[in-house]
Structures are given as structure tokens and as C-alpha cells.
Amino acid sequence: MTTQNHFVIGASAAIAQSFIDRLHQQDPSAHVYSISQQDIKVHHHNQTHRVSEHNEGSIAHTVDMLKVPLQNAATITIFNGQLHNQEFTPEKRLEDISEAYFDWIFKANTLTPILWLKALAPHLSKIRHPCVVTCLSARVASINENELGGWYCYRASKAALNMMFKTASIEYKRRAKTTKLVLFHPGTTDSPLSKPFQKNVPQGKLFTPDFVAERLYDLIQTRVIDGQLDYIDWQGQTISW
């Protein structure tokens, strides 16, 4: 029996680390290929880590180096994403909008994931078994559900990501017929990304990375290869565009 391979991109993220552990727990015989901008501690004997920068050349090179294990890809999960750093924080009003923040967050949240999807397409078009490609999105990207305002650039970067993946799903349906694309909203997770905003999270709605990784793994297993893009939350509920 052919060994399944799982690919975790943005592997230094808190949810990604828990997801790697979950993959090994559920499928000990599988091999996990983790990718991030820096080295991480590898805790499993059947895990290979690669370092890749977030630019087109580095991404293309990394995918090319993984072209053989990609022939047996079962899941590819993209955890890349940013919200704030020491210089930038989400806007509360129009006057807070910054060109520099816009450029930074769109590169992280929109451009980087779609560059991975671009590089993967020629390889996924060759496989004949199911493969689920998931990228972390956010409920705040929903145009219909935006009732609070604020967070202009983050909302827009994730909405743009959604449109990129929706458009790609149409092409993948033609080129990579056994690949399923998924956008996943993890809910507010106890991680560095959400740390400055956790005080406003209702009781019971701040999730551990382990809980989110478990939900993500379970939801991936139930996806249907139908040529459609799923935009779902941690409960498996469809989110309105």
C-alpha cells in the first residue's frame, strides 16, 4: 500500500504545529512534509522539514524539490497568515488605513497562499487520487456578515484570498479533477495572532490549537471531491460569501 503524504505550509504557526501532531496520531504510517520560513523542531521520525521564503522563486523551487512525494499527496494545508506585528495593528477607522500595512498584509494573507496554489497546480493535475487543499481564511472576510466594520485591510486581504481560491477552484476542476479546495475559519484560537484581542472573546469561544487542529482534521476527512470550493467554519458550517 502506498504511503500517504501530508504537506503543512506555514508550519511554525500554533495551529499548524498541533495539526502536524494530529496527522501523526491519526495516520502514524504517513509522512508529513512541513514548510516554513525558518527551522522548527521536528518531533516525529516520519516528518521532513523544508525552509522556504515567501516569494515566487523560493516557493516554486520548494515545490519542485517535493515533486516526487507530491505524487502521493493526500492533504495540503496552508497556514500562512498575519494580522498584526510591532508596527501594524488592525484599523478601527478610515484614518487608520496605511499603505504599508495594506501591502504587508495582502502579501501575507493573499499573495503567498495563491503562489503556493499556483506552484502546486501542475503537480496536482497529474494525480488520480483524492487530495484536499485547505487554506485558513476568516469569517470576517464575509461581505454579507460584516456588521461591525473596522479591520479594513485584514478583512479585505482574506476576502481577496477567498476570491482567489474561488477562481482557482474553477480552474482546478478542469485541471486537477481529484483535488478539493477548502477555505477554513478556525474561530478565535489561543495563539500569538489573536493574543492582543482575546479580552473581547466570549467565554468558551477561545479555542486551543489542539481543538482547532482536531476539528480541521475531521472536516478534511469528510470533504467531497466535487469541483466546488468549500468555505466553512470550525463546526463545518458554510459561511456566507
Side-chain angles (χ1 to χ4, degrees), residues 1-10 15-16 19-20 22-23 26-27 29-33 35 59 63 66-67 69-81 109-145 157-187 211-241:
M1 183 177 179
T2 303
T3 300
Q4 288 190 327
N5 294 327
H6 302 279
F7 298 81
V8 178
I9 301 168
I15 301 174
F19 188 67
I20 291 170
R22 187 70 180 173
L23 288 169
Q26 294 298 119
D27 192 359
S29 65
H31 198 96
V32 174
Y33 293 84
I35 303 162
I59 289 171
V63 170
L66 295 171
K67 61 185 177 184
L70 276 168
Q71 294 173 8
N72 296 317
T75 68
I76 301 171
T77 313
I78 304 171
F79 290 91
N80 296 105
N109 292 351
T110 311
L111 183 59
T112 296
I114 203 65
L115 286 176
W116 282 106
L117 206 57
K118 170 189 173 180
L120 289 165
H123 302 278
L124 296 181
S125 66
K126 298 175 183 177
I127 65 175
R128 296 296 178 263
H129 60 269
C131 177
V132 179
V133 180
T134 306
C135 185
L136 266 63
S137 184
R139 186 181 295 278
V140 297
S142 169
I143 295 173
N144 289 340
E145 295 189 19
S157 69
K158 289 294 189 177
L161 170 71
N162 291 358
M163 179 58 82
M164 288 282 199
F165 266 66
K166 175 61 178 177
T167 305
S169 71
I170 297 169
E171 185 170 343
Y172 263 62
K173 183 177 182 179
R174 183 179 70 253
R175 293 180 59 186
K177 299 181 187 300
T178 62
T179 297
K180 173 72 173 183
L181 299 187
V182 180
L183 293 165
F184 174 71
H185 166 61
F211 171 78
V212 174
E214 178 182 350
R215 294 300 303 135
L216 175 56
Y217 179 89
D218 291 347
L219 288 167
I220 287 174
Q221 305 312 305
T222 62
R223 294 306 93 196
V224 176
I225 310 298
D226 57 2
Q228 302 299 313
L229 172 66
D230 288 356
Y231 178 27
I232 57 174
D233 65 13
W234 59 273
Q235 300 174 94
Q237 299 297 313
T238 297
I239 301 173
S240 169
W241 298 106

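These numbers come from a predicted model, not from an experiment. Note that the numbering runs from 1 along the sequence shown for the chain.
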Enquirer: Are the side chains of N72 and T3 in contact, using a 4.5 Å heavy-atom criterion?
Expert: no

Enquirer: Answer yes or no: is there a side-chain heavy-atom contact under 4.5 Å between W116 and V133?
Expert: no

Enquirer: Heavy atoms, side chains only, cut-off 4.5 Å: are T77 and F184 in contact?
Expert: no

Enquirer: What closest approach, in Å, do D230 and R223 show between heavy atoms, and which atom pair accounts for it?
Expert: OD2-NH1, 2.8 Å

Enquirer: Can you see which heavy atom on K173 is nearest to which on D226, and at what distance?
Expert: CE-O, 4.4 Å

Enquirer: So how far is it from N80 CG to L115 CG, rounded to the nearest 0.5 Å?
Expert: 10.5 Å

Enquirer: Between M163 and K158, does a side chain to side chain contact (heavy atoms under 4.5 Å, CB included) hold up when you go through it step by step?
Expert: CA-CA 9 Å; M163 179 58 82; K158 289 294 189 177; over 6 Å; no

Enquirer: Distance check, rounded to the nearest 0.5 Å: I170 atom CD1 versus R175 atom CZ?
Expert: 14.0 Å

Enquirer: Can you check whether I78 reaches T112 side chain to side chain, under 4.5 Å on heavy atoms?
Expert: no

Enquirer: How long is the span from the NZ atom in K166 to the CG atom in L229, to the nearest 0.5 Å?
Expert: 6.0 Å

Enquirer: Looking only at non-hydrogen atoms, find the nearest pair between W234 and L219 and report the distance.
Expert: O-CD1, 3.6 Å

Enquirer: Is there a side chain to side chain contact (heavy atoms under 4.5 Å, CB included) between R22 and L216? Walk through the geometry before answering.
Expert: CA-CA 10 Å; R22 187 70 180 173; L216 175 56; over 6 Å; no

Enquirer: When the ring planes of F19 and Y217 are compared, do they come out parallel, tilted or perpendicular, using 30° and 60° as the limits?
Expert: tilted

Enquirer: Nearest 0.5 angstrom please: I9 CD1 to T134 OG1, how far?
Expert: 10.5 Å

Enquirer: Donor-acceptor check, side chain of Y231 to backbone of A138, threshold 3.5 angstrom: yes or no?
Expert: yes

Enquirer: Quick check against the 3.5 Å criterion: does K180 have a side-chain atom that pairs as donor or acceptor with the backbone of C131?
Expert: no

Enquirer: Donor-acceptor pair, distance only, cut-off 3.5 Å: does the side chain of T178 make one with the backbone of H129?
Expert: yes

Enquirer: Going by the rule side chain to side chain contact (heavy atoms under 4.5 Å, CB included), which residues pair with K67 if we only count those two or more places apart in sequence or in a different chain?
Expert: D64, H123

Enquirer: Taking all heavy atoms of N162 and all of S137, pick out the closest pair and write down the distance.
Expert: OD1-OG, 2.7 Å

Enquirer: Report yes or no: does N144 contribute a side-chain atom to a donor-acceptor pair with the main-chain N or O of S240 at less than 3.5 Å?
Expert: no

Enquirer: Taking atom CG of L183 and atom CE of M164, what is their separation to the nearest 0.5 Å?
Expert: 12.5 Å

Enquirer: Between F7 and V63, is any pair of side-chain heavy atoms under 4.5 Å apart?
Expert: no

Enquirer: Looking only at heavy atoms, what is the nearest atom pair of S157 and N109, with distance?
Expert: OG-ND2, 3.1 Å

Enquirer: Show the nearest heavy-atom pair for residues L124 and I127, with the distance to one decimal.
Expert: O-CG1, 3.3 Å

Enquirer: Give the intermediate values and the outcome of side chain to side chain contact (heavy atoms under 4.5 Å, CB included) for residues K126 and Q71.
Expert: CA-CA 8 Å; K126 298 175 183 177; Q71 294 173 8; over 6 Å; no

Enquirer: Hey, what do you get for CG (L66) to CG (N5), rounding to the nearest 0.5 Å?
Expert: 9.5 Å

Enquirer: For the backbone of P122 and the side chain of S125, can you confirm whether one donor and one acceptor N or O come within less than 3.5 Å of each other?
Expert: yes

Enquirer: Find out whether L23 and V8 are in side-chain contact, i.e. whether some heavy atom of one side chain is under 4.5 Å from a heavy atom of the other.
Expert: yes

Enquirer: Quick one, V132 with V182, criterion side chain to side chain contact (heavy atoms under 4.5 Å, CB included). Give me CA distance, side-chain angles, the key distance, then yes/no.
Expert: CA-CA 7 Å; V132 179; V182 180; 3.8 Å; yes

